[in-house]
Each structure stands twice: as C-alpha cells, then as structure tokens.
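Working notes, structure below.
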Amino acid sequence: MTVPMSIPKHFLDISDFDATTLNGIIARSRAMKDARKGCPKGLRETDEPLKGRMLALIFERPSTRTRVSFEVGMRQLGGDTLVLTGSEMQLGRGETIADTARVLSRYVDAIMIRAAAHETVTELAAAASVPVINGLTNLTHPCQVMADVMTLEEHLAPLKDLTISWVGDGNNVAASWVQAVGRLGGRLRIGAPAELAPARGVMDWAKAAGADVSLTTSPEEAVAGADCVITDCWVSMHNTDSASRHNLLRPYQVNAKLMRLAKPNAKFMHCLPAHRGEEVTDEVIDSQNSLILDEAENRLHVQKAILLHCLGA
Ligand code: CP
Ligand code: NVA
C-alpha cells in the first residue's frame, strides 16, 4: 500500500495565492521586523521555529541580495542552509530536474531556486516532496515584489490605495508586480516600448483577474500622478540583445524630470542591482524618496515569513 504524500506548500508565484494569504505573510514579516529592531543581525529568534531544518539554495544565475537574505533569514529562524551552484551540480551535466528534486527532497526540508528558465522551477516543484521557493526566473520574481509591497505599505498606504508606475522593460519583476496588483488591488501603470511590454499572457491574466493594470508606450503618461515610480535594469540576466535594448529603453530613463510628473514626493523603487546613468540617474536613486535599501532589507523579513508559511511553522 502506498502512503499518500501531502502536497508541499510551494511559493512559486504571487498569482498562486489569495489576498488573505499574501497579506498574512506581509503582516508576519512586519511583526518579525519590528521585534528585531536594534538586535544584532546574527541573533536567532528566541523560539527558533525552523531549528533543525535545512534549506538548499540553488543558483543558476548570480545573486547578492537573494543569497544573503535567505542565508541570514534561515539562520535567524534557527535553521541552516547550503548553497548549490547549478553549473557545479549534475544538473549542469544533464541530470533531470525531476531526479534532482526527488534526491534533494531526501536531504533537505525546502529548496529555493534561482533558475534560468521558469519551467525548471515548476518541474522541480512538481517532483519535489518538500516546498520549493522561486528566487527569480526569466518570467517572475515573486519574493522581490512581496518585499516591495511590504516596503511601499510601510512608507505610504495599503497597495489597494496606491497608483504605481512601472517604467522600462516589462520584465520578470514587472510580471510579479502585475500579479501583486491582481491579487492585492491598486493601480499599475506600465510605460514600456511596445517590443518590451509584458508578455501577452501576463496582460491576459491581469484582465481575467480584473486587475487595474494599463499599458502605454509613453513614460510620461505612465508616471503621471503616481505615488511610486519603479524601474529595473534594461538588460536582465537572461537577455542577450543588449544593444537593441539600450536603444529601445533610453527614452525610459527615470530621471528628475520624469519624477516631477509623478505626485510631489513620489517614492522611487528598484530591486537592484542598478545600472546608474542607464535606467535611473544618481539624483533619483540617491534621493530622499528612494526606497531601495528598505526594499533590500525587507527581502530578509518577507522571505522569513515565506519560509515559515512553506514549512508550516
Ligand atoms: N534583487 C535581487 O534579487 O538581487 P540579487 O540578484 O542580488 O539577488
Ligand atoms: N530583472 C533583473 C532582476 C535582477 C534581480 C534580472 O532578471 O536580471
């Protein structure tokens, strides 16, 4: 007789969750952040809710924030991590994703993966018997946008009451923003060249979800009256067409002139790493209204709450 296995609680995309679950994760992040104010970064939570748990971190692409925030977060929760580089694993020599998932599930309690292709994450999750967390793919970056929503709400108001402007490449981070607005409310105004607008499937999902998401090729129109302007690099890790992207995206630089069209004192966000002088000027990214470091910090807090959600702790 085979024992039925329970389905692991993955964190693959924001669109997989309802508003109650997403808001619950953000509320827990905020509570953990508040409770740690002034504490040393390495201090473990007193109850060590993930004591004895092991998290594998697989990187098929480089990372600073994702790696460090998951490693520190898991330790603060009392658990441990091990970092695996895709190219150093048998995965890089053709071992299947499904076999990798089944084997890792015998060693670790959860897997975070930054994958070159989104299908790698979904295939891993389909075969794993432990939770899988999406740490960025070519299509989405849900942990980043959860941290960004938390950050905006700390500084401004609930997302449902805000108008957000995305300027530039309609990339993986933009797609997760569309999903966040679809689930949590708010208005998202995307200003992108037609060639680099979010994929048709992303916009179709937004329409079906009743999300208030609009698309224009005019950066000025996109930022008009916005509470926050967000951008990202012009060439993501999976892109190869660097020269044509620079040409297409040059008119979408977020500079002081563009910011003046948003609300007075509108916030600026960027997931980092930034290419200063390209998608954003120093004047904007270093301004009083730039939230970049809070976004980076909140990766730590929100991912701890995601780990607790996935591991049922
Ligand atoms: N924002 C973000 O995911 O940064 P890293 O690529 O450094 O992890
Ligand atoms: N859009 C960027 C995000 C980096 C965190 C990329 O995929 O490279």
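Whatever order the structure lists them in is the order used to number ligands and atoms, beginning at 1. Any value given below was found using the heavy atoms of this structure, including those in side chains, with hydrogens, waters and symmetry copies removed. All values derive from a computational prediction rather than experimental measurement.
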Is it true that [X] and [Y] make a salt bridge, defined as a side-chain N closer than 4.0 Å to a carboxylate O?
X    : Y    : value
D80  : R75  : yes
D212 : R187 : no
E45  : R36  : yes
R102 : D99  : yes

Is there a side-chain contact between [X] and [Y], using heavy atoms and a 4.5 Å cut-off?
X    : Y    : answer
Q76  : L43  : no
L12  : P142 : no
W166 : N171 : yes

remark   = Heavy-atom proximity to atom 4 (C) of ligand 2 ranks first, among D169, L136, L139, T66, for L136

key: H141 neighbourhood, listing ligand 1 atoms whose heavy-atom distance to it stays under 4.0 Å   = 2 (C), 3 (O)

task = Report, in ascending order of atom number, the atoms of ligand 1 lying under 4.0 Å from any heavy atom of L272.
result = 1 (N), 2 (C), 4 (O)

inquiry  = Does any N or O of ligand 2 fall below 3.5 Å from an N or O anywhere on D232, backbone included?
reply    = yes

Heavy-atom nearest neighbour in the protein, as seen from [atom], with distance rounded to 0.1 Å:
atom                   : answer
atom 8 (O) of ligand 2 : M237 N, 2.8 Å
atom 6 (C) of ligand 2 : S236 OG, 3.2 Å
atom 7 (O) of ligand 1 : T64 N, 2.7 Å
atom 6 (O) of ligand 1 : R114 NH1, 2.8 Å
atom 7 (O) of ligand 2 : N172 ND2, 2.8 Å
atom 4 (O) of ligand 1 : R65 NE, 2.8 Å

task = Taking only heavy atoms of L272 into account, list the atoms of ligand 2 that are under 4.0 Å away from them.
result = 5 (C)

inquiry  = Taking only non-hydrogen atoms of R299, do any sit less than 4.0 angstrom from ligand 1?
reply    = yes

ask   = Any non-hydrogen atom of L136 lying under 4.0 Å from ligand 1?
value = no

ask   = With a 3.5 Å cut-off and no angle check, do the side chains of T151 and E295 form a donor-acceptor pair?
value = no

task = Could you check whether the rings of F17 and F11 sit parallel, tilted or perpendicular, using 30° and 60° as the cut-offs?
result = parallel

